[in-house]
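Structure first, then comments.
Note that this is a predicted model, so its numbers are computed, not measured. Every chain is numbered from 1, with letters handed out A, B, ... down the list of sequences.
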Amino acid sequence: MPRYNPSVIEPKWQRYWAEHKTFATPQMPAGQKLYVLDMFPYPSGDGLHVGHPEGYTATDIICRFERMRGRSVMHPMGWDAFGLPAEQHAKKTGTPPRVTTEKNTSTFRRQLQMLGFSYDWDRELATTDPGYFRWTQWIFLQIFDTWFDRQAQRGRPISELPIPPEVKSQGEDAVRRYQDQHRLAYQSEAPVNWCPALGTVLANEEVIGGISERGGHPVVRLPLRQWMLRITAYGDRLEEDLETLEWPDSIKALQRNWIGRSTGAEVDFFVGREGTAQGGRPAPAEFKAWRAARSEGGFPTTATDDVVRIYTTRPDTLFGATYMVLAPEHPLVARLTSPEQSAAVKAYCEQAARKSDLDRTDLAKDKTGVFTGSLAVNPANQRPVPVWIADYVLASYGTGAIMAVPAHDTRDYEFAVTFGLPIVPVVDPGSDATVNRDDVLAGKAVFPGEGTAIHSSAFDGLSTSDFKTKITADLVARGVGREAVNYKLRDWLFSRQHFWGEPFPVLHELDADGKLTGLMRIVPAEELPVDLPELKKFESHGTPDPPLEQAPPDWLYPIIDGRRYKRETNTMPQWAGSCWYYLRFLDPKNEQALVDPQIEKTWMPVDIYIGGAEHAVLHLLYARFWHKLLFDRGVVSTIEPFGKLVNQGMILGEVELTGYQKADGAWVSVAVVDGAAEGGPELKASREKVTGVRVPFDKAEKAGDVFVLKEKPDVRLDSRAYKMSKARGNVVNPDAVVKEYGADALRLYEMFMGPLEAAKPWSMEGVNGVRGFLDRVWRMITNERAEQLELNSAVKDVEPASEQNRVLHKTIQGVTQDLERMAFNTSIAKMMEFTNFFTKCDVRPRAAMEKLVLLLSPLAPHLAEELWQLLGHDKSLAYEPWPTFDPEAIREDNVEVPVQVNGKLRARVTVALGLGAAETEQAARADARIAELLAGQTVVKVVVVPGRMVNFVVKPAAG
RNA sequence: GCCGAAGUGGCGGAAUUGGCAGACGCGCUAGCCUCAGGAGCUAGUCCGGGUAACCGGGUGCAGGUUCAAGUCCUGUCUUCGGCACCA
């Protein structure tokens, strides 16, 4: 019985495509090129999740659609295969990560192939292949070999870095050290999250409140030598070039926010060398001399040690700066601390050092701080201001010190209130409705907005923006300030203390005693890759040092030209491999270059890039950074890697009803429960803990717009879909769906659920629904009752009747337009309408059936290929021309026009297409019901949109 | 707190430019077919009233612009996502 049986036809066509290499991409495009890329997955041990195929189906549809429209399509897939889970598995079981990774990759590959995606599998790559990470290491060498020329705003070879004469005069080693300081890859001490219990270094996201996310063990912060990449140098370009991209505005906003560019001024507050060295205020004579020197010599590039340099975005509030704050880590803290304050300052700084960044911000409700005992001079009005230390100022942002303007900055205001510091308003909010003006002017409220200057001597009356310009110019003229730009973006911490990652192609020089000299030597490009050594065991060795410290000596200590070196033992983060994989897909087997320049020029940029929003910032920012650097170094030809970006929404689990019960089992309404409380749900009023219980749908009913318990209708239930998770037990396995409904049904359902970008709850009933549609298509074209597969007897070689032709062409038009704008859900709806219509026809013209099969083929390719073959074609439809529609066939002779009276729909009249406004109005007036409604009324106005609608505006006739 | 997205039937969602709200699917109801059905077919299904024609209401809430608002404007509430002392 040839019913629609996906478990037979799907493997059949997958084999066909593989054997015929149907989707092999030519190295050079034959037609117009289209590069469609999925964010490649990390092959986890859990296998594919129904979230993966959502984006992959969307890109697959686009690719199949565009191939039929004549484009040359690049559509590759690969594996982001380095990652912590495989390493942790190795620690537990001793299985080498490469073995685990290959096993997981096989599962992922099988699952993706089972869904019939049209990837060119000959381009498959994994970031863990030595042939791949050879080039990841090569890119690192490019970064290492680059410095950033601020003037030109681009990266240049380190050999072109100008060496100051005073450095040159110190000899070769000094020059090398100077270069090392300016490379875009550099080393620095940075704190890591070391968890002794787990024996591993954790990422910031894995540490919550000083406790490891996994296991709940304490985590300590230790400084460790780390590799950093100078992404901040590219801050401006990363921000500005967002404008050139066809990305969702929300993602651009997220990136802009992350880069966090702000403009303002740097200003020096004089503290002096003499008086302040022991606390107290700077000597007036010394200050005078400093002022004179500054107006002569100007503003020095790096701060001198007689000033505290601050950064502010509001130089216009300088007259309101009543104190200063240094971060606890600020280098001047020790010198500015007076003997009397020394104990208090020391205690405060030690306490701050113990807290992680997270703790500092978490406990941010109350401001803490300590006075240094020193005073500085406000350069606007020459008044002395106290210098404080507080951890609400971050050492890592700006200059690590601020001027505090409590009247106009919320944080400064809170601090000033806590410690009783003076509050001087210098901005009049005027009529600004957000604050009470009198309170602001009395120093009893904070006003962070813009307004008119007061208490600012000669600047009074200026608007905030004018003031900024004027005072900045004034500061520059006096040599005490300059314009400045800052970023929230920090340099990229690029090393990990892991085994399962790309080794750095770097060797550290050892002296005769086997100690590090601090000088480095790179592994030359032609000797790459630096492969990972074989480790005997993977267990933790109890120190935060990288696991590769345990590597065999012949790997760890190479001897070159008779000199002993130690290899770098940190490895690169997982981001490294995913930063450039889109380039390697173009030319995956090239051993001479990362990508052939001609091929790169032809295929780049990626035209459509689809993936989850979780990569909105980091992956996309890092990849853009590398791409720009490669552009500067002449490796790639475009300034940006990804043209159009689409984020697929998350697929949630099935909708669940949750009721809440107290410890004694009594039900409580969801209205009185705080579900987001820490440590589980609790009653809003009493903070009593309650338990969430899943309630089956047959125990609940709808009351108004909420669900309630059937047996206790005053108990409201929570109705929502949750993120799929193992813990919740609501994960849907694609294997099971394919087994029961078929891959085409899974693909179609994921597209039919709703817009690609939206978060959507899963529903097995919905899968069953689209499977029903595929069954109907099958029955429309085949004879299900025959013994052998044969055409339905209603399918005939005849011309379509005019109504049939109209439906056909409307469907072609609609589906084409919907696919062009990635509205997959509505394109499916249109094919359903087609099927509903033609199923009712006793005669189904073969040409119409063939066209539908072609329209359906990007979405449900296996079914389409099978029907195409049955309709008498002997090769794949993958490159059949896409059906075109005839506008003539769609045109109807008559249109139904709604007629409104005072904006309310009262009748519909059928008129000839293209009828003029006057005639349409006549036709509307001729309608019996309209005539009745207009009788006795004065028609004030008639609005006619020919072919669309008529509206009579009436009022009762006078008299 | 700040930034972003979204609120439309019992449910997922349509409505491309301001012009017939609810396409399509699920679910539900009734009927047909069947030995049987988690199969198929037909009809109905926004809410209230009415046998019906039809009438009234309706896109989170409150206003506004317009002949006309799901769509535009102002305010507000809720949910989700992100950032979180960035001076």
Side-chain angles (χ1 to χ4, degrees), chain A residues 3 248-254 256-258 260-262 264 310-314 317 325 358 360-362 364-365 367 390-394 396-405 408-412 414-415 448 486-490 613-614 616-617 649-650 652 655 701-702 705 707 719-721 723 749 752-755 757-770 772-773 775-776 779 784 817-818 821 823 825-833 836 839-840 896-905 907-908 929 940-945 948-954:
Chain A
R3 300 175 87 164
D249 287 340
S250 60
I251 302 293
K252 290 189 188 179
L254 231 50
R256 255 189 217 108
N257 190 272
W258 190 264
R261 183 190 148 100
S262 72
I310 61 99
Y311 171 72
T312 179
T313 56
R314 292 293 300 268
T317 60
V325 184
L358 213 73
R360 275 206 208 177
T361 52
D362 240 20
K365 287 151 206 153
K367 294 275 180 290
D391 64 6
Y392 82 89
V393 172
L394 306 176
S396 50
Y397 183 78
T399 59
I402 61 154
M403 65 172 194
V405 185
H408 304 291
D409 180 284
T410 314
R411 296 149 304 181
D412 296 343
E414 285 167 8
F415 191 83
N486 259 297
Y487 304 91
K488 287 201 239 176
L489 182 69
R490 305 292 153 83
E614 67 273 22
V617 177
M650 200 187 310
L652 307 168
V655 173
E701 63 187 0
K702 195 90 179 177
D705 53 359
F707 279 97
S719 164
R720 66 171 64 195
K723 210 191 253 196
Y749 173 64
F752 190 60
M753 290 171 89
E757 299 85 348
K760 304 160 285 269
W762 185 267
S763 155
M764 272 311 176
E765 303 272 8
V767 186
N768 197 42
V770 292
F773 162 64
D775 279 315
R776 283 199 296 283
R779 286 197 301 269
E784 202 183 24
Q817 287 173 355
D818 285 350
R821 63 191 177 101
N825 52 338
T826 52
S827 77
I828 295 166
K830 282 169 183 132
M831 289 187 272
M832 286 173 167
E833 288 182 79
N836 291 344
T839 303
K840 289 191 182 111
E896 199 183 56
V897 175
V899 182
Q900 300 175 347
V901 176
N902 282 344
K904 281 187 207 243
L905 179 69
R908 295 167 222 271
R929 195 166 155 67
V940 180
K941 185 176 180 180
V942 184
V943 182
V944 182
V945 182
R948 294 287 267 181
M949 50 78 64
V950 179
N951 188 13
F952 293 98
V953 185
V954 301

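Across all strands shown, U45(B) pairs with G27(B); the Watson-Crick or G-U wobble distances both stay below 3.5 Å. When both distances must be under 3.5 Å, the Watson-Crick or G-U wobble mate of A39(B) does not exist. When Watson-Crick and G-U wobble pairs are counted only if both distances are under 3.5 Å, A84(B) pairs with no nucleotide at all. Of all nucleotides present, none satisfies the Watson-Crick or G-U wobble test against U65(B) with each distance under 3.5 Å. Using the Watson-Crick or G-U wobble rule with both distances under 3.5 Å, G70(B) pairs with nothing in any strand shown. Nucleotide U59(B) forms no Watson-Crick or G-U wobble pair with any nucleotide shown, as no partner meets the under 3.5 Å limit on both distances. Nucleotide A14(B) forms no Watson-Crick or G-U wobble pair with any nucleotide shown, as no partner meets the under 3.5 Å limit on both distances. In a base pair of the Watson-Crick type (N1 to N3 plus N6-O4 or O6-N4) or a G-U wobble (N1-O2 and O6-N3), with each distance short of 3.5 Å, A6(B) is matched with U78(B).
Taking for each of Arg929(A) and Gly398(A) the nucleotide of RNA chain B with the nearest heavy atom, the 5'-most of the two is the partner of Arg929(A). Along RNA chain B, the nucleotide closest to Val945(A) and the one closest to Pro755(A) are compared, and the more 5′ of them pairs with Pro755(A).
Atom CZ of Arg256(A) and atom P of C83(B) are 18 Å apart (whole Å). Atom NZ in Lys760(A) sits about 14 Å away from atom C1' in C80(B), given to the nearest Å. We find that CD of Glu765(A) is positioned 16 Å from C1' of G13(B), with the value rounded to whole Å. For Asn257(A) and G1(B), the CG to P distance is 17 Å, given to the nearest whole Å. The distance between atom CG of Leu905(A) and atom C1' of C55(B), rounded to the nearest whole Å, is 13 Å. Look at CG on Leu254(A): it is 8 Å from P on C83(B), rounded to the nearest Å. Rounded to an integer number of Å, the gap from Tyr392(A) OH to A87(B) C1' is 8 Å. Protein atom NZ of Lys904(A) is 14 Å distant from nucleotide atom C1' of C54(B), rounded to whole Å.
Glycosidic conformation of G60(B) is anti; the angle lies outside 90° of 0.
Contact annotation for Gln817(A): base contact, defined as any heavy-atom pair under 4.0 Å involving a base atom. Contact annotation for Thr410(A): no contact, since no heavy-atom pair falls under 4.0 Å across all strands. Among the heavy atoms of the strands, none lies under 4.0 Å from Ala616(A).
A sub-4.0 Å separation between OP1 or OP2 of G25(B) and a side-chain N or O of Asn825(A) is absent.
Defined by atom type and a distance below 3.5 Å, a donor-acceptor pair is missing between the side-chain atoms of Ser262(A) and Tyr487(A). Counted by atom type alone, Asp412(A) and Tyr392(A) present one or more donor-acceptor pairs between their side chains at under 3.5 Å.
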*asked:* Pair Val942(A), Asn951(A) - check side-chain contact (heavy atoms from CB on, under 4.5 Å), show working.
replied: CA-CA 6 Å; Val942(A) 184; Asn951(A) 188 13; over 6 Å; no
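Interface remark: the Lys830(A) side chain does not form any donor-acceptor pair with the C24(B) base, using a distance-only criterion of under 3.5 Å.
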Protein and nucleotides 63-68 of chain B: nitrogen or oxygen contacts under 3.5 angstrom:
| unit_1 | atom_1 | unit_2 | atom_2 | d |
| --- | --- | --- | --- | --- |
| C67(B) | O2' | Asn951(A) | ND2 | 3.0 |
| C67(B) | O2 | Asn951(A) | ND2 | 2.8 |

Below 3.5 Å is the cut-off: list the nitrogen or oxygen pairs between protein and nucleotides 4-9 of chain B, distance only.
none

*What string of B, S and - do you get for nucleotides 37-53 of chain B 5' to 3' if you count protein non-hydrogen atoms under 4.0 Å?*
-BSSSS-----------
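Asp818(A) meets the side chain to side chain donor-acceptor pair (under 3.5 Å) test with Arg821(A), Thr826(A), Lys830(A); sequence neighbours excluded. In terms of the side chain to side chain donor-acceptor pair (under 3.5 Å) criterion, residue partners of Arg261(A) (sequence neighbours excluded) are, by chain and number, Asp236(A). Shown here are the side chain to side chain donor-acceptor pair (under 3.5 Å) partners of Arg490(A), two or more places apart in sequence or in another chain: Ser396(A).
With Asn902(A) contributing its side chain and Val954(A) its backbone, the two residues share a donor-acceptor pair below 3.5 Å.
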